[in-house]
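Below is one structure, written out as structure tokens; comments come after it.
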Amino acid sequence: MGDVISTNLDEGKREMITGKTQFGRFYEQQYAVALFNSVRYEIEGGGNTQTQLLHRKDPLKNKSIFSGGLFQYLEESKKWRSRFLYVGDSYNISLYESKAAHDRGLHSKGVINCAGYRALTSMEEYLGLLNNNTKAKVASAPFLKCPTQFPLILWHPYARHHYFCVMTEKEQKKWHAVFQDCVRHSNNGLSEECKVATPAFTDALRLYRQAKGHYGTWDLMCGNQAQILANLVMETLHPELKNLIVPRLKGKLQQRQRDWMLISDAVYRQVVSQTKTQHEALAQVCEVERPRLDSALRTDMDQIITSKEHVSGKIRALVLPRVEQLVRSKVQPYIHSILEALMEPTSRGFSEVRDILFRELVEVSKNTMNDRSSEKLGEHMDKISMLAFHPVKMQSCYEKMEALNLEGLQQRCDVSSPSVFIQRAQILMRQQMDNAVHTFEQLVHQSLDGHSGEDFCKIIQRCQDRVLKKYDYDSSTVRKKFFREALLQIIIPYMLKQLSPSCSPDLPKFKELIFEDFSRFILVENIFEEVVLQSVSKDIMMAVKEAAVQRRHNLYRDSMVLTNSDPNLHLLGEDTIDWAGQFGGVKGDRQGGEVANRKRKQIVSMIHLDGMPLPYESCQEVPGVDGIPEESEGQTEQDLETEKPVNPIQHVPIEKEPGSPDSLNEIRDLINPITVSSRTTKTDNTIPVEREIKM
């Protein structure tokens with residue numbers, strides 16, 4: 001394959017892989033515009049809505065999400081091996097040979113960043129995606145045989161796939177929820193705290209794709225900047241390489257599919273590495289120039305704003321008649337139906353968040369009534385503290401949003417799939433749940449001062465009522481903002497696609513109206529999009545406002561503001577309260593080893609199954625780890641005995657997990673297979689392994 005790549009990748013594709021594309025030009029242009037918008041907002045101020053709930057600064061500090069053992073399929077040996085998986089606060093999945101290897105602090109066998117992946121629980125669903133991705137005929141036999149009935153597969157359109165299985169359905173559901181949370185978190189990779197770099201990147205990406213004729217949402221805007229750029233490159237590179245390479249692969253269909261996935265992963269990792277280098281260099285150039293641009297902006301801000309408004313007026317006069325005609329005939333008739341499609345599942349999900357929050361707070365109140373000691377209160381509060389980050393507890397909320405159906409819009413408005421909106425709403429649900437729990441903690445902690453156990457129940461009840469009222473208000477505010485943004489994401493690309501052929505040729509002449517010193521901060525393409533956005537924003541605002549006035553889906557009117565309900569609430573802390581330390585008696589270094597074990601409290605509790613062989617460690621409870629028990633975990637020992645599985649896998653020494661082919665010789669061997677014995681290759685961990693490629 002090395003010769004094939006060297007021969008068939010022309011200079012244009014080499015520039016694409018190394019990041020020498022037009023994206024850099026788009027990014028530099030949008031960086032100056034984003035800086036202008038940021039400085040202008042700083043000077044003029046903005047009208048952010050005051051939330052009622054508090055926001056926690058670092059909710060996952062000293063926490064881990066989940067850890068446990070399962071079986072993983074290794075490509076190298078074509079066998080299933082026991083693995084211990086650890087999911088930390090970064091949501092990356094670390095793989096270890098055993099729990100003991102993790103506890104001793106040994107290096108992991110590999111780390112999976114889940115950005116762009118999909119978590120699957122059936123071979124049928126996986127084979128469907130595999131055949132669609134490779135455009136091959138459907139395989140008559142499964143790609144691999146799972147030793148149990150409960151597989152877990154991480155699928156990616158370009159990167160390597162990961163295959164796991166567990167022994168029970170209950171374990172499968174728990175791991176699936178954890179994997180989905182890892183995907184959800186990793187896909188949401190761009191920090192909103194970066195007020196210049198993030199909007200510059202997203203706007204540059206959008207304009208770059210529009211220049212290529214791609215409007216609308218994009219499913220693969222997942223992960224960090226390097227991963228997103230790699231997906232952008234692979235969007236065109238992947239099918240071209242596939243057409244070149246797949247016909248040359250030898251062997252049965254399943255073997256050709258495996259070989260192509262290894263090749264695809266090798267190319268993808270190379271592209272990610274190079275786009276990372278490219279973006280870091282590009283970002284550094286812009287950051288070096290930022291002080292000079294910032295100084296020029298602050299000196300000439302008034303003149304720049306005046307110049308921009310003058311150009312905006314000229315562009316508006318030209319395009320507005322066409323825009324208004326499009327809005328009346330092709331947009332207004334569909335706004336309410338799109339909004340209704342968004343409101344139903346989203347509001348059901350947020351309502352489920354409220355129900356779960358209410359049940360958990362009632363449970364805390366009941367437990368406190370039975371045992372009014374401060375130690376027990378600290379224990380219950382410590383458990384509820386991480387409720388928002390418990391993927392199993394939150395799964396029912398997320399599932400409500402999975403029902404979002406935008407069928408009919410996917411072709412009309414160039415919406416590739418609803419996954420972009422689903423994952424965004426799920427992230428907002430998690431944020432609102434954490435805000436509510438954190439506010440409850442702060443109110444309870446503030447109210448406990450000077451009160452005895454006799455007053456605990458009254459305090460908790462009073463704080464619960466206040467938090468639920470605040471949640472209802474903030475939930476309405478967050479959902480209305482989400483609906484407006486989603487409608488704009490759906491409608492604006494459609495309008496731009498319809499208007500660009502007739503309007504874009506007229507835009508360059510307006511550049512003559514911009515002073516050269518201001519030309520970096522005022523771009524006619526951005527002004528054109530702003531005019532289009534403003535033309536439809538009023539209709540979108542009115543549609544959402546009408547839904548709120550009618551109190552549909554428990555939305556509040558904008559005029560309903562909870563002013564000064566808790567004037568001192570926002571003076572409380574942003575940090576997580578150490579309930580176990582303050583009320584449970586675990587402080588400082590006094591407890592020695594116990595404190596060491598508690599350094600990474602695990603949010604999701606493990607499943608304990610009796611009689612499981614030692615190498616399969618997913619069912620062993622970690623000492624000193626406090627998790628939130630699921631409702632179904634109150635089973636008796638007899639109930640668990642009926643679920644006792646029989647391990648169908650003969651345990652043998654664990655082998656090293658292979659990486660994708662890195663060298664040209666390895667990739668060439670996949671196309672022209674020959675018998676190779678004792679070939680030493682290097683994996684991601686640079687540990688030599690013995691590799692044998694069969695005919």
Using a 4.5 Å cut-off on heavy atoms from C-beta on, say whether the side chain of [Y] contacts that of [X].
X      : Y      : answer
Met234 : Leu220 : no
His161 : Tyr126 : yes
Met401 : Thr346 : yes
Ser67  : His102 : no
Pro391 : Ile65  : yes
Phe164 : Tyr73  : no

From CA spacing to verdict: side chain to side chain contact (heavy atoms under 4.5 Å, CB included), Tyr163, Glu75 | CA-CA 10 Å; Tyr163 313 97; Glu75 288 284 352; 3.8 Å; yes
Mind running side chain to side chain contact (heavy atoms under 4.5 Å, CB included) on Gln426 and Glu402 for me, showing each step along the way?
-> CA-CA 9 Å; Gln426 291 170 339; Glu402 297 286 347; 3.2 Å; yes
Give a yes-or-no answer on whether the side chains of [X] and [Y] include a donor-acceptor pair shorter than 3.5 Å.
X      : Y      : value
Asp181 : Gln395 : no
Trp155 : Glu125 : no
Glu169 : Gln149 : no

Side chain to side chain contact (heavy atoms under 4.5 Å, CB included) between Arg160 and Met261: does it pass, once the steps are laid out?
-> CA-CA 6 Å; Arg160 75 174 299 166; Met261 284 192 295; over 6 Å; no
Over all atoms of both residues, closest heavy-atom pair of Tyr215 and Pro493 | CD2-O, 3.7 Å
By ring-ring contact (aromatic ring centres under 6.0 Å, His included), which residues pair with Phe421, not counting sequence neighbours?
-> none
For the side chain to side chain contact (heavy atoms under 4.5 Å, CB included) test, which of Arg430, Met394, Lys400 pairs with Val353?
->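 Result: among Arg430, Met394, Lys400, Met394 is the only option passing the side chain to side chain contact (heavy atoms under 4.5 Å, CB included) with Val353.
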Could you point out which residue of Asn231, Asn187, Leu190 forms a side chain to side chain contact (heavy atoms under 4.5 Å, CB included) with Met221?
-> Leu190
Is the charged tip of Arg184 near the ring of Tyr398: under 6.0 Å from the six-membered ring centre and within 45° of its axis?
-> yes
With a 4.0 Å cut-off, would you call Glu352 and Lys393 a salt bridge?
->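 Salt bridge between Glu352 and Lys393, a charged N being under 4.0 Å from a carboxylate O: no.
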So, Arg83 and Glu97, do they make that salt bridge, N to O below 4.0 Å?
-> no
Check step by step if ring pair (Phe, Tyr, Trp, His ring centres under 6.0 Å) holds for Tyr27 and His279.
-> CA-CA 10 Å; Tyr27 183 80; His279 178 71; 5.6 Å; yes
For Phe201, which of Tyr208, Tyr31, Phe23, Phe26 qualifies under ring-ring contact (aromatic ring centres under 6.0 Å, His included)?
->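 Exactly one candidate clears the test, Phe23.
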How are the rings of His238 and Trp260 set to each other: parallel, tilted or perpendicular (split at 30° and 60°)?
-> tilted
Under the ring pair (Phe, Tyr, Trp, His ring centres under 6.0 Å) criterion, do Trp175 and Phe66 qualify, and how do the steps go?
-> CA-CA 9 Å; Trp175 275 110; Phe66 192 43; 4.6 Å; yes
